[in-house]
Amino acid sequence: QVQLVESGGGLVQSGGSLRLSCVASGFPLDSYSIGWYRQAPGKEREAISCISGDDGQTVYTEAVKGRFTISRAAGRNTVYLQMTNLKPEDTARYYCATPHDDAYCAGFESPTTNDWGQGTQVTVSS
């Protein structure tokens, strides 16, 4: 059974940092692309980053480029999202997913997977 568990969220002041973790079970996460997404209350889900499962290339949306870093812990079935210089507008619930259940980040902005975790809440105070 595919399962993704996000953790590491919390309350932080503007300018602070957090590191989110995405731990997978039921499949070899290292072979799949993993995307990070977020959803704020009353807003649509937003894609923010992806790391591919074939060559490790990373993709960031403009909202987080230069502030967030996605990476893998090889062999640990874990993907991280290091978030720095956090802003109040980063406040949201953050989720990880395999965008299209394959190794690629193409089209990660519009995920088709049905496997989503519970997410982890990030709150940034001003």
Side-chain angles (χ1 to χ4, degrees):
Q1 181 181 357
V2 172
Q3 187 174 20
L4 294 161
V5 178
E6 304 91 343
S7 63
L11 173 63
V12 64
Q13 289 187 334
S14 182
S17 300
L18 285 172
R19 189 178 77 164
L20 306 185
S21 298
C22 170
V23 179
S25 59
F27 70 103
L29 183 145
D30 287 352
S31 299
Y32 286 79
S33 65
I34 291 293
W36 279 99
Y37 304 83
R38 66 187 182 188
Q39 188 165 22
K43 294 188 176 182
E44 292 189 355
R45 184 178 58 209
E46 175 188 14
I48 57 176
S49 185
C50 184
I51 185 166
S52 70
D54 59 344
D55 58 7
Q57 287 195 4
T58 58
V59 183
Y60 302 93
T61 59
E62 287 301 316
V64 305
K65 191 176 293 184
R67 299 188 298 123
F68 291 11
T69 303
I70 191 170
S71 63
R72 291 184 186 274
R76 296 179 61 184
N77 249 28
T78 302
V79 168
Y80 300 110
L81 185 69
Q82 178 69 48
M83 307 186 296
T84 63
N85 191 21
L86 283 161
K87 305 175 182 181
E89 51 264 42
D90 294 318
T91 295
R93 195 159 190 88
Y94 284 69
Y95 302 85
C96 62
T98 57
H100 301 294
D101 298 320
D102 62 20
Y104 311 106
C105 286
F108 86 99
E109 298 88 344
S110 300
T112 56
T113 184
N114 292 319
D115 296 314
W116 294 88
Q118 296 299 308
T120 185
Q121 179 67 35
V122 172
T123 303
V124 185
S125 63
S126 56

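Just so it is clear, the values below take in all heavy atoms, side chains as well, and ignore hydrogens, waters and symmetry mates.
Nearest heavy-atom pair, S17 versus Q82, reported as atom, atom and distance to 0.1 Å: CB-NE2, 4.1 Å. Of all heavy-atom pairs between A63 and E46, the closest is CB-OE2, 3.8 Å. Of all heavy-atom pairs spanning A97 and Y37, the tightest one is CB-CE1, 4.1 Å. Considering all non-hydrogen atoms of both residues, Q3 and F27 come closest at O-CE2, 4.3 Å. Annotation for R45 and W116: closest pair NH1-CZ2, 3.2 Å, computed over non-hydrogen atoms.
In this structure, S33 contributes its side chain and D102 its backbone to a donor-acceptor pair below 3.5 Å. At least one donor-acceptor pair under 3.5 Å links the side chain of T91 to the backbone N or O of V124. Remark: side-chain polar atoms of N77 are paired, donor with acceptor, to backbone N or O of L29 under 3.5 angstrom. Checked by atom type and distance alone, the side chain of S49 pairs as donor or acceptor with a backbone atom of V59 at under 3.5 Å.
Between F68 and the choices N85, D90, L18, T84, the side chain to side chain contact (heavy atoms under 4.5 Å, CB included) rule is met once, by D90. Checked against L81 for a side chain to side chain contact (heavy atoms under 4.5 Å, CB included), the options I48, T69, V64 give a single hit: I48.
Looking at Y32 and V79, their side chains never come closer than 4.5 Å, going by heavy atoms from C-beta outward.
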